[in-house]
Visitor: 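Here it is: the structure, laid out below.
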Amino acid sequence: MTRGTDVLVIGAGAIGAAIAYYSSLLGLSVRVVDRGAPGGGTSSRCEGNILVSDKERGPELDLANYSLGLWHGELAEHGRRWEFEQKGGIIVASQESSMVSLRRALTAQRAHGIAVQELEADDLLALEPHVSPGAVGAALYPDDSQVMPMQVVAHLLALARDRGAEVLPRREVTGLLRKGDRVVGARTSHGDLPAGAVVNATGPWAAQLAALADVHLPIAPRRGYVMVTEPMPPRVFHKVYAAEYIDDVGTSDASLQTSPVVESTPAGSILLGSSREQVGFSDRLSREALRRIARNAAQLFPFLADVRVLRHYHGFRPYSPDHVPAIGADSRAPGLWHATGHEGAGIGLSVGTGKLMAQALAGHRPDLDLSPFDPSRFTAGGTP
């Protein structure tokens, strides 16, 4: 049998990589295992957003603010490695009723220390001259940022390796090792991997892994599309989205939901979103989702109606039924920990999740109270 480690992280995406990095930083021995290549799942099929603007008041906003402090603080020296760009985010209100709701949200966010500035219509056009002139106002979040997700995964894993961590790709977990009621490792396609703690960082596949320990964890895949335009000179200068996006993020409706999200890339292409729907892990193309994304984007930025789309891609985001991630030890299966359920915010929240998990794994008091994220809150019926 392979020698044991303090921590076995299952899942080598952004969340798993961050847990491995911070755990190794605290002196824990770490092994990371993934059935595919590092970053090959959800982390490779997203925009790489680091947002506080779309978070409502509550534990997720606290985690987002904490994570933002890490990206802008102790991790800033690595920003060039993962193409960190503090572009800022703008939420656009197209109706007075939307502006009223937006003001209510930003008031609550300011109370949590979030930097946000209300914009009149003229101020918005000064920052985004190509946005629809029908907007009545907006809110600017200067700290909203973006990274290249695959570079985040690669660099955090490299830093963990420098501190002795081992990364084992293309090894599928087929079962969990037990000693009485305790989880003490994982059985894989290449042999057993014993560990003092096993961390489930498998994103939208987390429910299946939890089931190996007879634990109910109602994390489900939620599919989302992104469209990519041809490169062009800069015409979009922030991450810009409609106020409806916040409501769509927080909805529990399983049907197709779309709202306009538009942002540029350093290469000149523009990313168009967003959509979300619960269709399991279906890869069947949804032309309706793409049509809605294109129509919504052109309503937000009219010039996009004449821009050519080069490609599209989709990913499966880990949806939590109460819209709060599952982070921490699972009291129903001692030795098993979870870090999943971040849905589309996983990249931005990855470093905060990683540091808090590492602190708890090392027996330290985490910087944030993890009780709101307790994985054991879920009942057999799937609700907290």
Visitor: What distance separates Thr202 OG1 from Ile219 CD1, expressed to the nearest 0.5 Å?
Guide: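 One finds 9.5 Å between OG1 of Thr202 and CD1 of Ile219.
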Visitor: Hey, is the main chain of Ala18 close enough, under 3.5 Å, to the side chain of Ser350 for a donor-acceptor pair?
Guide: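 The answer is no, because no donor-acceptor pair under 3.5 Å joins these two groups.
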Visitor: Taking the side chain as everything from C-beta on, heavy atoms only, tell me whether Val9 gets closer than 4.5 Å to Met357.
Guide: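 Answer no - side chains too far apart.
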Visitor: Check whether any side-chain N or O of Trp337 sits under 3.5 Å from a backbone N or O of Ala197 as a donor-acceptor pair, and report yes or no.
Guide: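 No, Trp337 side chain to Ala197 backbone: no donor-acceptor pair under 3.5 Å.
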Visitor: For the side chain of Arg377 and the backbone of Asp374, is there at least one donor-acceptor N/O pair under 3.5 Å apart?
Guide: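 At least one qualifying donor-acceptor pair exists.
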Visitor: Is Leu368 linked to Leu75 within one hydrophobic cluster, defined over Ile, Leu, Val, Met, Phe, Trp and Tyr using a side-chain heavy-atom separation of less than 4.5 Å?
Guide: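 Per the 4.5 Å side-chain linkage, Leu368 and Leu75 are co-clustered.
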Visitor: Could you grab the distance from atom CE of Met232 to atom OG of Ser269, nearest 0.5 Å is fine?
Guide: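 Going from CE on Met232 over to OG on Ser269, the span is 7.0 Å.
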Visitor: Which of these, Val116, Leu127, Leu106, sits in a side-chain contact (heavy atoms from CB on, under 4.5 Å) with Leu140?
Guide: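 Looking at Val116, Leu127, Leu106, the match for Leu140 under the side-chain contact (heavy atoms from CB on, under 4.5 Å) is Leu127.
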Visitor: Distance from Arg308 atom CZ to Thr229 atom OG1, nearest 0.5 Å?
Guide: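 Here the interatomic distance stands at 10.0 Å.
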Visitor: Ring-plane angle category for His78 and Trp82, please: parallel below 30°, perpendicular beyond 60°, tilted otherwise.
Guide: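 Ring orientation of His78 relative to Trp82: tilted.
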Visitor: Could you check Phe84 against His72 for ring-ring contact (aromatic ring centres under 6.0 Å, His included), going step by step and ending with a plain yes or no?
Guide: CA-CA 9 Å; Phe84 182 90; His72 288 274; 5.3 Å; yes
Visitor: Could you tell me whether the side chain of Arg163 reaches within less than 4.5 Å of the side chain of Tyr21, counting heavy atoms only?
Guide: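 Of all side-chain heavy-atom pairs linking Arg163 with Tyr21, at least one is under 4.5 Å.
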Visitor: Using a strict cut-off of less than 4.0 Å between a Lys/Arg side-chain nitrogen and an Asp/Glu carboxylate oxygen, indicate whether Glu166 and Arg31 qualify as a salt bridge.
Guide: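 Salt bridge flag = yes for Arg31 with Glu166.
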Visitor: Test of understanding: clusters of I, L, V, M, F, W, Y form through side-chain heavy atoms closer than 4.5 Å, transitively. Do Trp71 and Leu61 belong to the same one?
Guide: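 Yes: a chain of side-chain contacts under 4.5 Å links Trp71 to Leu61.
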Visitor: Give the intermediate values and the outcome of side-chain contact (heavy atoms from CB on, under 4.5 Å) for residues Ser44 and Tyr313.
Guide: CA-CA 10 Å; Ser44 67; Tyr313 60 91; over 6 Å; no
Visitor: Donor-acceptor pair, Ser23 side chain versus Ile19 backbone, under 3.5 Å?
Guide: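 Indeed, once roles are kept as given, a pair shorter than 3.5 Å links the two residues.
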Visitor: Can you check whether His238's main-chain N or O pairs, donor with acceptor, with Glu128's side chain at less than 3.5 Å?
Guide: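 At least one qualifying donor-acceptor pair exists.
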Visitor: If you round to the nearest 0.5 Å, how far is CD of Gln359 from CG of Leu25?
Guide: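 With rounding to 0.5 Å, CG (Leu25) is 10.5 Å from CD (Gln359).
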Visitor: So with a 6.0 Å cut-off around CG of Asp367, is the heavy-atom count from everything else above 12?
Guide: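 Enclosed: over 12 neighbouring heavy atoms sit under 6.0 Å from CG of Asp367.
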Visitor: Closer than 3.5 angstrom, by distance alone: can the side chain of Arg223 be matched with the main-chain N or O of Ser282 as a donor-acceptor pair?
Guide: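 Judged by distance alone, yes, a pair lies under 3.5 Å.
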Visitor: Does the side chain of Glu83 come under 3.5 Å of the side chain of Gln151 through a donor N or O and an acceptor N or O?
Guide: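 No - no donor-acceptor pair under 3.5 Å links their side chains.
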Visitor: Just so I know, are the side chains of Leu168 and Asp34 near enough to count as touching, which here means a heavy-atom distance under 4.5 Å?
Guide: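 In short, these two side chains do not touch, never coming nearer than 4.5 Å.
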Visitor: Just to verify, what does Asp162 make a side-chain contact (heavy atoms from CB on, under 4.5 Å) with, not counting sequence neighbours?
Guide: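 Testing Asp162 for side-chain contact (heavy atoms from CB on, under 4.5 Å), a comparison that skips the adjacent residues, returns Leu159.
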Visitor: Compare every heavy atom of Leu176 with every heavy atom of Ala213, then report the nearest pair and how far apart it is.
Guide: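 The pair with the smallest heavy-atom distance is CB-CD1, 3.6 Å.
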Visitor: Is Ser67 close to Leu349 at the side-chain level, that is, under 4.5 Å between some pair of heavy atoms?
Guide: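 Side chain of Leu349 against side chain of Ser67, heavy atoms only: contact under 4.5 Å found.
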Visitor: Output the distance between atom OG (Ser286) and atom OH (Tyr225), rounded to the nearest 0.5 Å.
Guide: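 Rounded to the nearest 0.5 Å, the OG-OH separation comes out at 5.5 Å.
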Visitor: Same cluster for Ile91 and Val100 if Ile/Leu/Val/Met/Phe/Trp/Tyr side chains link at under 4.5 Å?
Guide: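 Unlinked, Ile91 and Val100 end up in two clusters.
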Visitor: Any salt bridge linking Glu60 with Lys55? Criterion: basic side-chain nitrogen under 4.0 Å from a carboxylate oxygen.
Guide: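 No, this pair does not count.
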Visitor: Counting N and O atoms only, with roles assigned by atom type, does the side chain of Arg332 sit under 3.5 Å from a partner on the main chain of His216, one being a donor and the other an acceptor?
Guide: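 Judged by distance alone, yes, a pair lies under 3.5 Å.
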Visitor: Let me check something: do Val173 and Leu336 share a hydrophobic cluster, defined by ILVMFWY side-chain heavy atoms less than 4.5 Å apart, either directly or through other members?
Guide: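 Result: yes, single cluster for both.
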Visitor: Out of curiosity, Glu277 CD to Arg222 CZ, how far, rounded to the nearest 0.5 Å?
Guide: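 Between atom CD of Glu277 and atom CZ of Arg222 there are 10.0 Å.
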Visitor: Does the side-chain hydrogen bond (donor to acceptor under 3.5 Å, both in side chains) test come out yes or no for Gln257 and Ser255, once each step is laid out?
Guide: CA-CA 6 Å; Gln257 308 289 315; Ser255 63; 3.2 Å; yes
Visitor: Before you tell me yes or no, could you show the steps for Ser275 and Leu256 under side-chain contact (heavy atoms from CB on, under 4.5 Å), namely the whole-Å CA-CA distance, both residues' side-chain angles and the distance that decides it to 0.1 Å?
Guide: CA-CA 7 Å; Ser275 70; Leu256 176 63; 4.1 Å; yes
Visitor: May I ask you to test the Asn200-Ile10 pair for a side-chain heavy-atom distance under 4.5 Å?
Guide: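 No; the side chains remain at least 4.5 Å from each other.
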Visitor: Without swapping roles, check the side chain of Ser145 against the backbone of Asp143 for a donor-acceptor pair under 3.5 Å.
Guide: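 Confirmed, Ser145 side chain pairs with Asp143 backbone.
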Visitor: So for atom CZ, which belongs to Arg161, do other residues, nucleotides or ligands contribute more than 12 heavy atoms lying within a distance under 6.0 Å?
Guide: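 Correct, the count exceeds 12.
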Visitor: With a 4.5 Å cut-off on side-chain heavy atoms, are Asp330 and Ser376 touching?
Guide: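 In short, these two side chains touch, coming nearer than 4.5 Å.
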Visitor: Is any side-chain heavy atom of Pro266 less than 4.5 Å from a side-chain heavy atom of Glu85?
Guide: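 They are in contact (side-chain heavy atoms under 4.5 Å apart), so the answer is yes.
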Visitor: How far apart are the C-alpha atoms of Ile114 and Asn65, what are their side-chain angles, what is the distance that settles it, and do they pass the side-chain contact (heavy atoms from CB on, under 4.5 Å) test?
Guide: CA-CA 7 Å; Ile114 304 300; Asn65 205 18; 3.4 Å; yes
Visitor: Classify the side-chain pair Ser53/Tyr241 by whether it contains a donor and acceptor separated by less than 3.5 Å.
Guide: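 The answer is yes; a qualifying pair exists.
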Visitor: Should Met227 and Leu290 count as side-chain neighbours, where that means a heavy-atom distance under 4.5 Å?
Guide: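 Yes, close enough: below the 4.5 Å cut-off.
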Visitor: For Phe301, is the NZ or CZ atom of Arg235 found under 6.0 angstrom from the centre of its six-membered ring and inside 45 degrees of the ring axis?
Guide: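 Negative - Arg235 is either too far from the ring of Phe301 or too far off its axis.
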Visitor: Measure from the side-chain N and O atoms of Ser43 to the backbone N and O of Gly39, and report whether any donor-acceptor pair falls under 3.5 Å.
Guide: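 Not at all, since once roles are kept as given, no pair shorter than 3.5 Å links the two residues.
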Visitor: I would like to know whether Leu304 and Val236 meet side-chain contact (heavy atoms from CB on, under 4.5 Å); could you show each step before the answer?
Guide: CA-CA 10 Å; Leu304 288 171; Val236 179; 5.8 Å; no
Visitor: Do Phe303 and Val228 land in one hydrophobic cluster if side-chain heavy atoms of ILVMFWY residues count as linked below 4.5 Å?
Guide: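 They do not share one cluster, since no chain of ILVMFWY contacts under 4.5 Å joins Phe303 to Val228.
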Visitor: Aromatic rings Phe281 and Trp205: how do their planes relate, parallel, tilted or perpendicular, breaks at 30° and 60°?
Guide: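 Parallel, since the angle between the ring planes stays under 30°.
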Visitor: May I ask you to decide if Arg103's main-chain N or O and Glu118's side chain share a donor-acceptor pair within less than 3.5 Å?
Guide: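 Not a single qualifying donor-acceptor pair exists.
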Visitor: Looking only at heavy atoms, what is the nearest atom pair of Ala12 and Val32, with distance?
Guide: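 Smallest interatomic distance, heavy atoms only, reads CB-CG1, 3.8 Å.
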